[in-house]
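Quick caveat: nothing in here was measured; it's all calculated off a predicted structure. To find a chain, count down the sequence lines: A is the first, B the second, and so on, and within it residues start at 1.
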2 protein chains.
Amino acid sequence: MLSKSQIKLITSLKQKKYRQQHGFFVVEGVKTIKELLRSRLELHALYTTESFNIDAKDEVLITETDLKRISFLTTPNTALAIFKIPLPKPIEFTGLIVAIDAVRDPGNLGTIIRLCDWFGVKNLVCSNETVDCFNPKVIQATMGSITRVAVNYVDLAEFLKSINLPIYGAFMDGENVYTEPLPENGVLVMGNEANGISKEVEAIITDKISIPRFGDLQATESLNVATATAILLSEFRRK
Amino acid sequence: MLSKSQIKLITSLKQKKYRQQHGFFVVEGVKTIKELLRSRLELHALYTTESFNIDAKDEVLITETDLKRISFLTTPNTALAIFKIPLPKPIEFTGLIVAIDAVRDPGNLGTIIRLCDWFGVKNLVCSNETVDCFNPKVIQATMGSITRVAVNYVDLAEFLKSINLPIYGAFMDGENVYTEPLPENGVLVMGNEANGISKEVEAIITDKISIPRFGDLQATESLNVATATAILLSEFRRK
């Protein structure tokens with residue numbers, strides 16, 4: 001059985017201000033929840049239609065109807081868990097860092113976190129205008145990678161000015177990434193879906209890079225930010 | 001003003017069976033509609049809150065309230081158009097062909113169509129189990145690329161058996177794509193989100209390829225199909 005106050009708490013966590021107020025975020029689906037249970041994250045409560053065989057005090061067995069009431073998904077998937085938002089891991093200034101300048105779509109940010117995980121990028125730095133990484137749609141798209149990539153929110157221009165690393169940025173008119181030498185240590189900046197990298201951040205970029213377009217002049221004018229990140233990370237790693 | 005029968009027709013086009021029955025599909029947003037108006041596609045009707053200055057018989061000026069009533073989007077965007085579903089362009093057997101084995105998510109298929117457009121892939125062949133490319137969410141994600149990529153639905157195993165080209169498939173345990181020679185003419189097969197490439201199609205693949213994973217053994221077990229397609233198409237083209 002779910003109490004009214006439990007339902008109220010869970011549904012409030014759709015909004016960033018309540019996530020920050022309570023210090024909790026929501027994860028759905030057995031597979032992702034199990035992955036998070038194995039991580040350093042701390043479980044607050046688990047609501048499930050089938051037992052996970054974990055400590056009984058953390059688990060509340062509920063009906064399908066109750067799950068539908070609290071789920072953020074159109075098709076709820078067996079379980080919903082509330083975890084504590086962890087303290088951000090400090091940024092490490094070695095290897096490749098990905099920096100995000102105001103990406104707004106949760107699916108895009110989630111996909112980028114999953115890509116960082118795949119390509120062994122340990123640090124993702126987001127401008128304060130970027131969508132919150134504990135947004136339920138971001139968590140859904142990361143498929144568990146949120147536990148392995150350190151995400152920090154900063155004043156991006158100030159952050160980039162303060163570090164001593166080459167700063168690569170994705171632009172439509174940059175150097176061909178296929179022929180550009182790419183370093184092991186550096187920052188890759190990806191911009192907003194509609195406007196790209198902001199003028200303020202552009203001024204700090206040391207190397208503008210671009211993914212060449214093939215085929216017709218008529219072709220699509222841009223790539224989605226998550227697919228562009230996939231291609232650029234692949235280029236940094238293959239070298 | 002919108003008539004009841006117009007509203008009924010438009011909202012029915014969310015479903016594949018009515019798209020096939022009427023031979024129409026829906027496009028939303030000024031930018032994409034303008035791109036489709038410049039293409040070979042035939043406009044059936046345009047419902048808009050601001051005039052496009054096109055032939056008056058094709059355009060119906062409507063209110064924001066009416067647009068909300070017919071739009072498939074949470075935040076409707078000025079205009080909604082109905083176009084005729086074109087006859088599929090015949091498949092060309094030169095260059096690189098992308099083949100899709102039962103991709104279900106409309107956003108993924110739309111992103112793959114946009115990637116084909118960017119990388120100059122003219123032919124996309126989908127198994128009959130793949131989501132319909134005239135699904136409104138696919139159209140939204142293609143950003144106009146649907147006008148430049150020929151999409152055909154086929155019995156994929158039969159199609160692949162009938163052609164005389166190397167057939168590459170994306171697998172978790174394939175050869176490292178970074179070191180594998182990749183031809184100019186060939187087929188790249190991408191599989192379903194959860195199950196990958198089906199056994200039946202796998203038996204016809206001539207070259208299994210894989211995107212290497214970097215970093216921890218703990219890392220994410222797979223890439224999203226659209227981001228994997230981005231990386232593999234980039235590899236075929238950069239060579």
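- At a threshold of 4.5 Å between non-hydrogen side-chain atoms, the residues B:Glu235 and A:Glu235 count as touching.
- Distance check: A:Ser222 OG to B:Trp118 CH2 gives 7.0 Å after rounding to the nearest 0.5 Å.
- Between B:Thr227 and A:Ala226, the closest heavy-atom pair is CG2-O, 4.2 Å.
- The structure places CD1 of B:Ile211 at 11.5 Å from CZ of A:Arg238, a figure rounded to the nearest 0.5 Å.
- Counting non-hydrogen atoms of neighbouring residues, nucleotides and ligands closer than 6.0 angstrom, the NZ atom of A:Lys208 exceeds 12 such neighbours.
- Counted within 6.0 Å of NZ on A:Lys34, heavy atoms from surrounding residues, nucleotides or ligands total 12 or fewer; the atom is thus considered open.
- A pairwise comparison of heavy atoms in A:Ile231 and B:Ser234 identifies CG2-OG, 3.4 Å as the closest pair.
- Applying the 6.0 Å contact sphere to CZ of B:Phe93 captures more than 12 heavy atoms from other residues, nucleotides or ligands.
- For the set B:Ser145, B:Pro212, B:Gly144, the count of heavy-atom pairs under 4.5 angstrom toward chain A peaks at B:Pro212.
- Separating the CG atom in B:Leu223 from the CZ atom in A:Phe119 is a distance of 6.0 Å, to the nearest 0.5 Å.
- Within a 6.0 Å sphere centred on NZ of A:Lys89, heavy atoms belonging to other residues, nucleotides or ligands number more than 12.
- In the displayed structure, B:Lys239 atom NZ is contacted under 6.0 Å by more than 12 heavy atoms of other residues, nucleotides or ligands.
- Interface remark: A:Arg114 contributes backbone and side-chain atoms alike to the contact with chain B (heavy atom separation under 4.5 Å).
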